[in-house]
Every structure is written in structure tokens, then in C-alpha cells.
Student: 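This is the structure, below, for whatever I ask next.
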Amino acid sequence: MSEIILPVQNYDLAGTLDSGQAFRWSRPGPGWTGIIGGRVVRLAAVAAGIRAETVDGVTDWSWLTTYLQTDVDLAAILQTFPKDAPMQAAVAASPGLRLLRQDPWECLASFMLSSTKQIVQIRQIIALLCERHGARIDDPGDPPAFAFPTPAQIAGLSEDQLRACKMGFRAPNVLAAARRIDTGEFDLARVSTLPHAEARAELMKLAGVGGKIADCVLLFAFGFNAAFPVDVWIKKALQELYFPRRRASEKRLQHFAATHFGSHGGYAQQYLFHYMRTKKTARGRG
DNA sequence: TTTGTGCCTTAGCT
DNA sequence: AAGCTAAGGCACA
């Protein structure tokens, strides 16, 4: 085993890994186990930072520090948030919540699978997809681990094989995206080099990718910090926290989301999302 | 132009 | 037990 301690403070590991940005983390024992690219990784919060373990022979850990974003100046980001009561409450509820930097294809495919699914169900679908069609990872752990299937691997499958992974109506969209990316007709890497609005429009050319999923990829994979995915939870949060008196229209909410939260709106969004979800579960039924 | 509706699957909950 | 809903997108009225 290779091991390292990443020196970072104010990092809410549990909140970050379990906040619905990534779907391949579990907590089998005291720490977290997940799969990043072709590696199984075990993480645990320790006083000095985050302790990480993975296969033998790893000396360059930049793939992990990039994924965990341990080098970002969180305090500086928090200062860009609007100074209003809801935002302060959301930050106070889970200080140290972070955004991850994920692989674009895995992120895109995962959020294409997320529509009208609960997070537990999204995990199930992705686990099934990886077990059946991803590369086996060389790891002594039990159960065996599998990488997320590449575009080429999925492109070679049939729609029925994907539906068998419980994708339902999402299957043809994932298949089409995989095939367009595999042939090179759609260049996912190029999207990250475009300006924000153009990158968003480009992603939305994929069938099954609307504004919300595009924003997730922009934020979680490409690091467009201003991208602000508006999902059902965020709609609820904005409505209750910022427009408590009367119902705000869809257009109003979208405009507010895009303009009120500043240069790092994506981070603000993650705090609001986590705040809403944990508040609900803590209360039982709200 | 904006807004509402039904449909696309599946599974867990009530 | 049938109905509802879940990190949506899309066509259509």
C-alpha cells in the first residue's frame, strides 16, 4: 500500500464525499472507500489532514489532490458569497464542505443517469454499470472493484444492455453520448476550453442534457466555479429562503441563481443543497 | 415568449 | 395496494 497524509484543514470529508456530487464512495468501516479513475482509494480524516491509501508504487499524488481540491483557498471562496442570512446559515451548518474535480465523462454520464432518481438509486445504477461493463481494478479488497466504463466500452454495448443496468429511459441518451464521444464527433475535452456560456451550450447539444446536467458537468468536472445547477432541492431552497412570501416563477429563480451568488456560485449552491438535505433528514419530515 | 402538462423507467416508500 | 416521487429533458399545447 502507498500512503500519504494530505495536509489540509477545514475539510469536511464526509459532507463532501456524501453530498451528491460523486456517486462512487462508501463508508465500509471507519474511513471512506472510493474509486478514482483506475484506482481504489481509502480516505480518512485525521488531525493533520486527510490520510489516503491506494495501491503500491504511487509517488505522484497530484491526481488525488486535484480530485479532492485540497489546494483551493476555501476561506477566500467563502468571502465571495453574498452576505445574507440564508447563505450564512448554510455555511455555518457545514463549514469545510468542498467541491470535487471529477473526470468529465464519468461526471457527464453519472448526471445523465440522475434525472428523477434519488441519490441511492443513482449509486445503484452506476455500481451495476461498472460491475458489468467497467475494467476490473487490481485490488485485494472485497468486493472486487471496477472502473467507470469508458465511452468506447459503452459505445460497444446495446441499449438493452444499458437498460439491464436499470437506466430506463436514460439508456439511449447515455449510449448516444458515448458513441458521439468515442468517434470523436463530440469533443468533450474541447468543451472545457470554451467560455462558460459556449461550453454550456455545447454540452446541451447532447440529447438528454439540459441546463441542469450541463451545469453539473461545468462545475464538478470542468471547474467553472460560477456554474449554478438548479435542481429540485435548490428550487426549494431558493423559494423558502429567498422568496418566502410568494411563489417565484421558474424564470425568476433561474435569473436569481445566475446573478445573486457571485464568482463562486457553484460553491454557494453546494452549501445550500447540503443545507436543505441535512436539515430535512434531521427534522424527519420537515 | 412564458408557463403548464404528460411522457419517458424503475424502485422504494406510504 | 395503487399511487407518488425521486440532483431532468423534451415535445407540445
Student: Is a side-chain donor-acceptor pair under 3.5 Å present for A/Q102 with A/E106?
Tutor: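 Per modelled atom types, A/E106 and A/Q102 side chains form no pair under 3.5 Å.
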Student: Any salt bridge linking A/D18 with A/R123? Criterion: basic side-chain nitrogen under 4.0 Å from a carboxylate oxygen.
Tutor: yes
Student: Using a cut-off of under 3.5 Å, enumerate the N/O to N/O pairs linking the protein to nucleotides 1-7 of chain B.
Tutor:
from  : atom 1 : to     : atom 2 : distance (Å)
B/dT2 : OP1    : A/K251 : NZ     : 2.6

Student: Would you please name every residue forming a ring-ring contact (aromatic ring centres under 6.0 Å, His included) with A/F222, sequence neighbours left out?
Tutor: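 By the ring-ring contact (aromatic ring centres under 6.0 Å, His included) rule, A/F222 matches no residue at all.
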Student: Does any N or O donor sit under 3.5 Å from an N or O acceptor when you compare the side chain of A/R170 with the base of B/dT9?
Tutor: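 Under the 3.5 Å cut-off, the side chain and the base do form a donor-acceptor pair.
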Student: Assign the ring pair A/F224 / A/H196 to parallel, tilted or perpendicular, where the plane angle (0 to 90°) is split at 30° and 60°.
Tutor: tilted
Student: What integer distance in Å separates A/L162:CG from B/dT9:P?
Tutor: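 These atoms are roughly 14 Å apart.
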Student: Taking the P atom of each, how far is B/dA11 from C/dC10, in whole Å?
Tutor: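 Those two atoms are separated by 24 Å.
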Student: With distance as the sole criterion, is a donor-acceptor pair present between the side chains of A/D60 and A/S62 under 3.5 Å?
Tutor: yes
Student: Output one letter per nucleotide in nucleotides 7-13 of chain C: B when a protein non-hydrogen atom lies under 4.0 Å from the base, S when only the sugar-phosphate is that close, - when neither is.
Tutor: BBSS---
Student: What is the distance, to the nearest angstrom, from the CG atom on A/N173 to the C1' atom on B/dT9?
Tutor: 12 Å
Student: Please tabulate, for side-chain N and O atoms in residues 163-178 of chain A, each donor-acceptor pair with protein atoms closer than 3.5 Å (sequence neighbours left out).
Tutor:
from   : atom 1 : to     : atom 2 : distance (Å)
A/R163 : NE     : A/E159 : OE2    : 2.8
A/R163 : NH2    : A/E159 : OE2    : 3.1
A/R170 : NE     : A/S115 : O      : 3.0
A/R170 : NE     : A/S115 : OG     : 3.4
A/R170 : NH1    : A/M167 : O      : 2.8
A/R170 : NH2    : A/S115 : O      : 2.8
A/R170 : NH2    : A/T116 : OG1    : 3.4

Student: Return one dot-bracket line describing DNA chain B 5' to 3' (Watson-Crick or G-U wobble pairs, both distances under 3.5 Å; ( ) same strand, [ ] crossing, | another strand, . none).
Tutor: ..||||||.|||||
Student: Using the C1' atom as the reference point in each nucleotide, state the distance between B/dG4 and C/dA7 in Å, no decimals.
Tutor: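 Those two atoms are separated by 22 Å.
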Student: Between B/dT3 and C/dA6, how far apart are the two C1' atoms, rounded to whole Å?
Tutor: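 After rounding to an integer number of Å, I get 23 Å for this pair.
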Student: Using residues 78-88 of chain A as the side-chain source, report each donor-acceptor pair under 3.5 Å to any protein atom, sequence neighbours left out, with the distance given to one decimal.
Tutor:
from  : atom 1 : to     : atom 2 : distance (Å)
A/T80 : OG1    : A/I77  : O      : 2.6
A/K83 : NZ     : A/Q79  : O      : 2.7
A/K83 : NZ     : A/F81  : O      : 3.2
A/D84 : OD1    : A/M87  : N      : 3.0
A/D84 : OD1    : A/Y242 : OH     : 3.0
A/D84 : OD2    : A/Y242 : OH     : 3.2
A/D84 : OD2    : A/H260 : NE2    : 3.4

Student: Is a side-chain donor-acceptor pair under 3.5 Å present for A/H274 with A/S94?
Tutor: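 Yes, because at least one side-chain N or O of A/S94 sits under 3.5 Å from a partner of the opposite role on A/H274.
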Student: On a whole-Å scale, what distance lies between the C1' atoms belonging to B/dC7 and C/dC4?
Tutor: 16 Å
Student: Determine the Euclidean distance between corresponding C1' atoms of C/dA13 and B/dT1; express it in Å to zero decimal places.
Tutor: 14 Å
Student: In whole Å, I'd like the distance from the CD atom of A/E159 to the C1' atom of B/dC8.
Tutor: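 Taking CD of A/E159 and C1' of B/dC8, I get 12 Å after rounding.
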Student: When the ring centroid of A/Y267 is compared with that of A/F261, is the distance short of 6.0 Å?
Tutor: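 Aromatic pair excluded; centres sit 6.0 Å or further apart.
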Student: We want to know whether A/T183 and A/E185 form a side-chain donor-acceptor pair, criterion being a heavy-atom distance below 3.5 angstrom.
Tutor: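 The criterion, which ignores hydrogens and geometry beyond distance, is not satisfied for A/E185 and A/T183.
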Student: Do we get A/R39 above A/W63's six-membered ring, with its NZ or CZ under 6.0 Å from the centre and within 45° of the axis?
Tutor: yes
Student: Given the P atoms of B/dT9 and C/dA1, what is the spacing between them in whole Å?
Tutor: 26 Å
